[in-house]
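Written out below as structure tokens is the structure these notes cover.
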Amino acid sequence: MHPKYHLLKIFWASLFIKLCNCNTQYTCARTPNLYITPAALWQIISAMQTLKFYPLDVTYRIENSLPVIHLFAKTIDGRHVCIIDDTFRPYFWVIPKYENIMEVKGKLQRLEIPKGEQVVKVAKVEQHEKNFLGEAIVALKVFLNLPSDVPLLRDIVRQWDMVTSINEYDILFARRYLIDKKIIPLSLTEAKGEFIESQDSSGIPCFKAAEVKPSSEHSAQDLKILAFDIETYNPLGKHVVAEKHPIVMLALYGDTLKKVITWKKFRTDDESIEFVDSEAQLIDRFVHHVKSYAPDILAGYYSDGFDLPYLMARAKALGIRLDLGMDSSEIDLDKGMNRSARITGLTHIDIFRYIAKILGRTMEAESFTLQKVALELLGEGKHAANIEQLASAWDDGTDKLEAFCQYNLQDALLTFKLTQKMLPNLSEMVKIVGLPLHDINRMGYSQLVEWYLLARSSEFNELNPNKPDDSTIDFRRQMSYTGGFVYEPEPGLYNDIIVFDFRSLYPSLISSHNISPATVRCDCCEGLAKLTPLDGKRKATWFCTRRKGFIPAIIEELITRRLRLKAALAASGKSPFLEAQSNSLKLLANAFYGYLGFPYARWYSMESAEATTAWGRFYIQQVIGKAAQAGFKVIYSDTDSVFLALDGRTKEDALQFCAAVNIELPGVMELEFEGYYPAGIFVSAKAGDIGAKKRYALLSEKGSIKIKGFEAIRKNSSLIAREVQETVLNIILKDRNPAEAVRYVKAVIKDLKDKKVPIEKVILNTQLQKRIDTYESVSPHVAVAQKMLAAGISIRPGSNIQFVIAEDTHNSKEKLRDKARLPDEVNEKDYDADYYIRHQVIPSIERILNVFGYTKDVLLENREQSKLASFF
DNA sequence: GGCTCCCGGGG
DNA sequence: GTGTACGGGAGCC
């Protein structure tokens, strides 16, 4: 049969379905004069196939000047398909002034905007009654033919005096499609239509759909994961030059595929190692393996920022194609801070993104290197191999390369296991929020909340608010209100610490007090509703008691859904699937409060955020009062958590106390046991302060140290600073010996002064972000880069600049940049000991040692203070 | 004190 | 691309 015939059938069928689904007004306006009998049409429809599948990702293309949705999916029998739907059109909303509705409608319909040689016209205008932030309004739904016409029209209509507001003009077309069609990725979906000839060379079957709709609650199981990792030739250490340095190894890890591809041969019995002749072949084989393994998910660790961009750069340098997608399109690399690499039709997960953004909050690790994350989450680490030596091993010896291949494979394995472990959580979030895995993987808390609200609002007939403009954001940033209640700790070392917290404190408050931008300070409840327990100076606030707000309704639904799940879990025993679902619901619900106070939020409401903390303070203070009454020593409390010292009591006593508190708490509120810590140190925020919040380190039972709020030791700090902080915390928490820690620090300071510290430990690293001549201010690393340039060393944006702050013999008043030297320029003893002591070592441990009465001055002096001996 | 720049992960 | 940003610390100006 001629392919055109299929397309014609689909056209008829989609029209038919449209007619069936639409209201009369619409069909009258749209019914074209077409000649086909109903019987014939019915025949066409019934001859069409129904395809059931799990959507994985969605994109769109322009064909014949109209947008066509491409929905990539996995069928119930496990094949990959692309569902093509050309029936969806972009739109946005216009809210006219009430008296101008008809006028605006007419003006929109007549509007003609020149675009190049063409003219953009509105395709259709519908009138709807909607809710908008607690108000009932009339809004016009304006349809256009092309997504890119929306911003064009938006900018014109925005100027009109008769218009109060325009809305939803920036919802990505493909996402809008999923939302409006209620299509949930990874959930069973069905389409009526027919397979058509693929328009691409990729060979993925294409199914032209007349209709796409959700099918059932069923969701995709056992998504096939393939993890990968590359090793690159880096003779310059951290300095990465993708244009010049090849990829030497590439590992793939899946359930039934374990492979390392490399292009230097050596003798080995390891069958997982595949030898090829060149880097170009390595890339070819990588693509080949991905295609033939046909995973649903390609996973990497920081692959948005490293592996895929690097692969692309290498493919470009070698003049070959890197064709991983389903449609032979290039990988779409987003620049900017949130860079991501999107592969059409193949979900690329960068599991680092999820861990750093979402999971990190609940983790102990303070940084998210693969090694640390894997150890904490999997109890398994990387292979011991010094990556610094890979380049030389590659250059001269072949006997060492096998170890690097195994190292490479291990990284891919860890990435695989991490992805496998996180996938249930990610998938559940996908099913709750309704966006593709690729997007959910990269979203932070506020984005998850916002997209969830955007997707759910139409069920409540709510019109979505706009993103704030820059000046609004600036204004919101200035806003401040009282946060959670803080019980300030007395700095010191404590034993046997129990931590309790209200995990769902804020969500349950938002729900039970009906807190939202649409219900705040309503006219109908003025003087009647209970006032929020705000701080004295604030204007009294209340929330509507008659109408449930959209946000509280949504959050209540999340909470009750989770409670039902928990009950099911209690009844059925452990279920990883239900647990993941419960975690995702909790995570999302907990993000609402932060969202309400987030300056970039569409549903921002400082008053709501403020009211939430006010009620929070009210309840946590109740708990503190009761704990003290029960005889525990309250060490510290912040917002929703309490740290108690057992003070002679047992762990069981504390758990009993918790249970007793819970009995008296209203509704869904619950105090949870967070953990027990044998020791912990609480530190003051600034030298001299009595105590301050969020600065402590706890020793867990496993022996790991959990640090909160100490100045982050960054990669560009010197090795000596990191080493000192780590050692000091260990000496204090494990050996309980602050005096020893001081002796240790003094010894390090003395070593620095005596120039005994090896130069490697005082090297600072900073990356050059842009061309050297574009810098307006000259930081030390810029000064060094200038010198490198002058010395003929090639540098470019992205180069890692290493430098040492050297002692200045003649002028001590110079700027830091004048003392910055290339590591090669300085001799072992040239570093500026004073700088490293004052700006690296001391700041890393100052606050810790302040706790025990040691000041900076004491550390800098070379003798002990006698009165401190009595401190212990 | 405000502005500018860098970091995160990866080899 | 109906886009697109974070938040905090350090040093310069």
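Just the heavy atoms: all of them, side chains too, but no hydrogens, waters or symmetry mates, feed the values below. A note on names: the letters A, B, ... follow the listed sequences, proteins ahead of strands, and every chain is numbered from 1.
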Under a plain distance cut-off of 3.5 Å, with no hydrogens placed, do T472(A) and D470(A) share a side-chain donor-acceptor pair? no
Applying a 4.0 Å non-hydrogen cut-off, can you work out what Y91(A) is touching in the nucleic acid: base, sugar-phosphate, or nothing? base
For Y253(A), which residues count as a ring-ring contact (aromatic ring centres under 6.0 Å, His included) partner, sequence neighbours excluded? F416(A)
So if I take residues 147-157 of chain A and measure heavy-atom distances to DNA chain B, which residues fall below 4.0 Å? none
Looking at Y169(A), does the NZ or CZ of R158(A) lie under 6.0 angstrom from its six-membered ring centre and within 45 degrees of the ring axis? yes
Checking Y445(A) now: which residues fulfil ring-ring contact (aromatic ring centres under 6.0 Å, His included) with it, not counting sequence neighbours? none
Here the distance between atom P of dT4(C) and atom CG of N466(A), to the nearest Å, is 12 Å
With heavy atoms under 4.0 Å as the rule, sort Y169(A) into base, sugar-phosphate or nothing. base
Under 4.0 Å, heavy atoms only, any strand: does D411(A) hit a base, just the sugar-phosphate, or nothing? sugar-phosphate
I'd like to check the ring-ring contact (aromatic ring centres under 6.0 Å, His included) partners of Y177(A); sequence neighbours left out, ordered by chain and number. F88(A)
Please report whether the ring centroid of H245(A) lies less than 6.0 Å from that of Y233(A). yes
Just to be sure I understand the rule, does I230(A) reach a base, reach only the sugar-phosphate, or reach nothing, if contact means heavy atoms closer than 4.0 Å? sugar-phosphate
Side chain of T766(A), heavy atoms from C-beta onward: which of dC12(C), dC6(B), dG7(C) has the nearest atom to it? dC6(B)
Across the strands shown, which category fits D229(A) at heavy-atom distances under 4.0 angstrom: base, sugar-phosphate, nothing? sugar-phosphate
May I ask you to decide if R442(A)'s main-chain N or O and K357(A)'s side chain share a donor-acceptor pair within less than 3.5 Å? yes
Look at the side chain of F352(A) and decide which nucleotide, out of dG8(B), dC5(B), dG11(B), has an atom nearest to it. dG8(B)
Quick check on contacts: within residues 361-373 of chain A, what sits under 4.0 Å from DNA chain B by heavy-atom distance? S367(A), F368(A), T369(A), L370(A)
Is it the case that the side chain of E279(A) and the backbone of I247(A) share a donor-acceptor pair, with hydrogens and angles ignored and the cut-off at 3.5 Å? yes
Candidate nucleotides dG11(B), dG8(B), dG7(C), ranked by approach to the side chain of N234(A) - the nearest: dG11(B)
Between dC6(B), dG3(C), dG11(C), which one does the side chain of L172(A) approach most closely? dG3(C)
Nearest-angstrom distance from the residue atom NZ of K770(A) to P of dC7(B): 13 Å
What does F88(A) touch in the nucleic acid at a heavy-atom separation under 4.0 angstrom: a base, only the sugar-phosphate, or nothing? nothing
Could you tell me whether F475(A) atom CZ has more than 12 heavy atoms of other residues or ligands within 6.0 Å of it? no
P780(A) has a side chain; which of dC6(B), dC5(B), dC12(C) sits nearest to it? dC12(C)
Applying a 4.0 Å non-hydrogen cut-off, can you work out what V782(A) is touching in the nucleic acid: base, sugar-phosphate, or nothing? nothing
Have a look at I387(A) and say if it touches a base, only the backbone sugar-phosphate, or nothing, with a 4.0 Å heavy-atom cut-off. base
At under 4.0 Å between heavy atoms, what does F404(A) touch on the DNA or RNA strands: base, sugar-phosphate, or nothing? nothing
Please enumerate all residues that pass ring-ring contact (aromatic ring centres under 6.0 Å, His included) together with W451(A), with sequence neighbours excluded. none
Scan E388(A) against the nucleic acid and name what it touches under 4.0 Å (heavy atoms): base, sugar-phosphate only, or nothing. base
With sugar-phosphate meaning primed atoms plus P, OP1 and OP2, does H245(A) contact a base, only sugar-phosphate, or nothing at under 4.0 Å between heavy atoms? nothing
Heavy atoms from C-beta onward define the side chain here; which of dA5(C), dC7(B), dG11(C) lies closest to that of Q447(A)? dA5(C)
